[in-house]
Number of protein chains: 2
Amino acid sequence: MVKITDVARHAGVSPSTVSYALSGKRPISEETRQRVEASIRALGYRPHAGARALATSRSKVLALVVPLRAGIHVPVVMQFAVSVVTTARGHDHDVLLLTQEEGEEGLRRVADTALVDALIVMDVQLADPRLPLLRSLDRPSVLIGFPAEPAGLTCIDLDFKAAGERCVEHLAGLGHRVVALVGSPPEVYVRQTAFAQRVVQGFTAAADRGRLASSVHPCAASPAAARAVAEQLLWEQPALTGVVVHNEAILEPLIDAFEELGLRVPGDLSVTAICPDELAESLRVPVTSIALPSGEVGARAVELLVKKLGGKAVPEATLLAPRMTERGSTARRAVA
Amino acid sequence: MVKITDVARHAGVSPSTVSYALSGKRPISEETRQRVEASIRALGYRPHAGARALATSRSKVLALVVPLRAGIHVPVVMQFAVSVVTTARGHDHDVLLLTQEEGEEGLRRVADTALVDALIVMDVQLADPRLPLLRSLDRPSVLIGFPAEPAGLTCIDLDFKAAGERCVEHLAGLGHRVVALVGSPPEVYVRQTAFAQRVVQGFTAAADRGRLASSVHPCAASPAAARAVAEQLLWEQPALTGVVVHNEAILEPLIDAFEELGLRVPGDLSVTAICPDELAESLRVPVTSIALPSGEVGARAVELLVKKLGGKAVPEATLLAPRMTERGSTARRAVA
DNA sequence: TTCCCCCGTCGAAGCGCTTCGACGTTTCTC
DNA sequence: GAGAAACGTCGAAGCGCTTCGACGGGGGAA
């Protein structure tokens, strides 16, 4: 292994000069710098990460904790991870991958051993057991999603409330007067993340504001459940013409069910969703949707973290404004 | 930060004794060890990863390079990554996540800076540009998949040739005499990984051996392409009763197409696939399939790497035997 | 009893890097 | 033209850990 003293000898300077030439933390004459750089290239020198981490107490590594729990939409997680890695590299950092499974002990371990400088935690629960730990850690962190008590933590996510509102407003703008929200599986509403509730809040608020008739239906992640909800909706709200779907797994089966029940999309029924763009695009009937911008969230999370590492203040809460893409699944209400 | 000297002072011993008590590399009296461990707990001591890496020239971190290329089945990659992380943790290692995008420079960087001790490279191409680099690196690596010239490298993958054979034998055993392979998109066969070719080899060899009539059809990853292949098959091989599918994206559309063309699965047509179990299970018609055992491959890859790091010799090639799970999509050939 | 060896522990060196203080040399500033 | 300030470089210390050699004490072999 070639080390800094080798470079120094080769270039005829002291090791500290090499270090300064590299970091630019002190002025070095142009000529010396050139010579040092030439030696570095000639010898193929790379600073030893561990030594540097020891001397600077900065590892230039970020931890990323990914969820494993069933019901998580895998492509979203992957896209998120890739964008975190890419953005981190752009800021000269690497990414250590941890699984949820490791739990609090895992977080404490990588933080306390100084393996990582900072942490990104996905899939945050309302009352996440990791919150006190994250608050007490001496390294900064960013949470994806909002817990019930976000004070003292940096959180980022799509503004799900606004997303719910936006969907209703879109439908209202097309003349729809009776709408329904088909949401996440029931258990999500009780135990999990806050985003499901926020969608409901936004949906309901916007419907009330616009004086639309509305209803909310949790729905399990199976085609059968989708079918059941479709039938129930037709029975309970015969005048229904607009549906908002916030449940990746049943988006397609639900549309199929509606069509089998004789409702054309978007002819008889307009459908909008909150889901990844790729999903909305890939369906038989491309769906007008609010994007789940996992890539952007990942990039922004890294940027927040890097700022914190740089000693700058960052907002505690970052809500990404929803962006809607119109596709073929919504239309102006047919006047009967 | 609490360091080893703090523990030493607290326990009334020297730092080296603490180190030996922890590593067990020299005998330490039971009583002293107890005292040291008590101090460690009392102070919450964690060895500094960078310092340890510097002293031992071992970071206890593995690099995992994940593919980004389109056409990769994302859940498979994710499952693989999770199993790598889990297994690595079981061997007291962590995992650094790199994207294909970083290329050779990225590999060189993490290896030469001693950020990682070893590398796992997924999605290996037949003539992968990273091969010479991996051979020259001073750290061990394991490739997922087999390049054209695997000599000097450690590779692991499902035995795709055996998988192709196994599918044919299964169909032959059920009395089928005319079979077809619907494979990966055409471009895969020219530029990409070797596994596609190996399936073809196994399929063809087994068909010839069993004197079955057979044909091979690459197929693009779109429902339309699936439909086209289905029609073509019926036209060209009217006596066709057995199909092997090696293409995740079109498995479902292809079955749909067959049924729309009047062929019941498995009544008129038996279908087997080489794909992840979750996919095979989740279809409307659960498909008899050879599993793509990404979890197992990941775990085995880590174990190979750990062995190499321990100085033990490992086989250059590891081929995982195919495992078939029978589901509802194959049946004995109806005797007309 | 003597010698040797092993056990248990300590002190010091060293891993490769950064950074602080110091010092000679220029370059301004008034 | 003298003092101050800035420049460019060096040497040494230190980051926290492991490990090598050394050493005193106790037990076994002779």
Side-chain angles (χ1 to χ4, degrees), chain A residues 1-37 39-40 43-61 92 109-117 138-139, chain B residues 1-37 39-40 43-61 92 109-117 138-139:
Chain A
M1 165 173 218
V2 28
K3 40 196 173 190
I4 201 169
T5 52
D6 300 328
V7 175
R9 193 172 329 112
H10 187 274
V13 298
S14 79
S16 50
T17 300
V18 175
S19 179
Y20 286 125
L22 240 37
S23 69
K25 294 194 178 171
R26 282 204 184 169
I28 295 289
S29 72
E30 186 53 28
E31 189 238 321
T32 305
R33 188 206 315 290
Q34 300 282 347
R35 206 141 33 85
V36 168
E37 278 170 9
S39 300
I40 288 179
L43 303 181
Y45 167 71
R46 301 270 195 171
H48 186 288
R52 179 172 277 190
L54 179 56
T56 59
S57 36
R58 283 281 202 226
S59 67
K60 298 234 176 196
V61 175
D92 194 23
R109 182 176 59 82
V110 295
D112 287 355
T113 60
L115 223 197
V116 306
D117 294 337
D138 57 338
R139 343 223 116 212
Chain B
M1 165 174 219
V2 28
K3 42 195 171 192
I4 201 170
T5 52
D6 300 329
V7 176
R9 193 172 330 114
H10 188 272
V13 297
S14 79
S16 48
T17 300
V18 175
S19 180
Y20 286 124
L22 240 37
S23 69
K25 294 194 178 171
R26 281 203 185 170
I28 295 289
S29 72
E30 184 53 28
E31 189 239 321
T32 306
R33 188 205 315 292
Q34 300 282 347
R35 206 142 32 85
V36 168
E37 278 169 8
S39 300
I40 288 178
L43 303 180
Y45 167 70
R46 302 270 195 170
H48 187 287
R52 177 172 278 188
L54 178 56
T56 60
S57 36
R58 283 277 202 228
S59 66
K60 298 239 179 190
V61 174
D92 194 23
R109 182 175 60 83
V110 295
D112 287 355
T113 59
L115 223 197
V116 305
D117 294 336
D138 58 337
R139 317 193 150 238

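By convention in this document, chain letters (A, B, ...) are assigned in the order of the sequence lines, proteins followed by strands, and residues within each chain are numbered from 1. Predicted, not measured: the structure shown is a model, and the values here were computed from it. These values consider heavy atoms only, across backbone and side chains, with no hydrogens, waters or symmetry-generated copies.
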For A/R139, what residues pass the salt bridge (Lys or Arg N to Asp or Glu O under 4.0 Å) criterion, not counting sequence neighbours?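 Scan of A/R139 (salt bridge (Lys or Arg N to Asp or Glu O under 4.0 Å), adjacent residues dropped) gives none.
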B/D138: salt bridge (Lys or Arg N to Asp or Glu O under 4.0 Å) partners, not counting sequence neighbours: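 Listed in chain order: nothing, the list is empty.
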Classify the nucleic acid contact of [X] as base, sugar-phosphate or nothing, counting any heavy atom under 4.0 Å across all strands shown.
X	result
A/R46	sugar-phosphate
B/P27	base
A/S29	sugar-phosphate
B/T32	sugar-phosphate

Expressed as a whole number of angstroms, how long is the span from [X]:[atom1] to [N]:[atom2]?
X	N	atom1	atom2	answer
B/I28	C/dC6	CD1	P	18 Å
B/M1	D/dG16	CE	C1'	7 Å
B/L115	C/dC15	CG	P	21 Å
A/R33	D/dG8	CZ	C1'	11 Å
A/E31	D/dG8	CD	C1'	11 Å
B/L22	D/dG16	CG	P	17 Å
A/K3	C/dC15	NZ	C1'	8 Å
A/D112	D/dG16	CG	P	14 Å

At their closest point, which heavy atom of B/A53 faces which heavy atom of A/G50, and how far apart are they?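 What the structure gives for the nearest pair is CB-CA, 4.4 Å.
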Does the side chain of [X] get closer than 4.0 angstrom to OP1 or OP2 of [N] through an N or O atom?
X	N	result
A/T5	C/dG16	no
B/R52	D/dG16	no
A/S23	C/dT18	no

Output a table of nitrogen or oxygen pairs between the protein and nucleotides 10-14 of chain C separated by less than 3.5 Å.
| residue | atom | partner | partner atom | Å |
| --- | --- | --- | --- | --- |
| C/dC10 | OP2 | B/S14 | N | 2.8 |
| C/dC10 | OP2 | B/S14 | OG | 3.3 |
| C/dC10 | OP2 | B/T17 | OG1 | 2.4 |
| C/dC10 | N4 | B/R26 | NH1 | 3.4 |
| C/dG11 | N7 | B/S16 | OG | 3.4 |
| C/dG11 | O6 | B/S16 | OG | 3.2 |

Can you list everything that forms a side chain to side chain contact (heavy atoms under 4.5 Å, CB included) with B/R46? Sequence neighbours excluded, please.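 Applying side chain to side chain contact (heavy atoms under 4.5 Å, CB included) to B/R46 gives A/E105, A/R108, A/R109, A/D112, A/T113.
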Not counting sequence neighbours, which residues clear side chain to side chain contact (heavy atoms under 4.5 Å, CB included) with B/T17? List them please.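 Partners of B/T17 under the side chain to side chain contact (heavy atoms under 4.5 Å, CB included) test: B/V13, B/S14, B/I28, B/T32.
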Under the side chain to side chain donor-acceptor pair (under 3.5 Å) rule, collect the residues that match up with A/Q34, sequence neighbours excluded.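 Only A/E30 meet the side chain to side chain donor-acceptor pair (under 3.5 Å) criterion with A/Q34.
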Nearest 0.5 Å, please: how far is [atom2] in [Y] from [atom1] in [X]?
X	Y	atom1	atom2	answer
B/H48	A/S59	NE2	OG	8.0 Å
B/R35	B/S29	CZ	OG	7.5 Å
A/R58	A/D92	CZ	CG	12.5 Å

Please table the atom pairs, donor to acceptor, closer than 3.5 Å between any side-chain atom in residues 2-11 of chain B and protein atoms at least two apart or in another chain.
| residue | atom | partner | partner atom | Å |
| --- | --- | --- | --- | --- |
| B/D6 | OD2 | B/K3 | N | 2.9 |
| B/H10 | ND1 | B/S39 | OG | 2.8 |

Between the two ends of the helix from C/dT1-D/dA30 to C/dC30-D/dG1, what is the bend in degrees, rounded to 10 degrees, where each end axis spans five pairs?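 Between the axes fitted at each end of the helix from C/dT1-D/dA30 to C/dC30-D/dG1 lies an angle of 30°.
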All N/O pairs under 3.5 Å across the protein-nucleotides 23-29 of chain D interface:
none

Candidates [options] - which lies nearest the side chain of [X]:
X	options	answer
B/L54	C/dG16, C/dT19, D/dT9	C/dG16
A/K25	D/dT18, C/dG16, C/dT19	C/dT19
B/H48	D/dT19, D/dG16, C/dT9	D/dG16

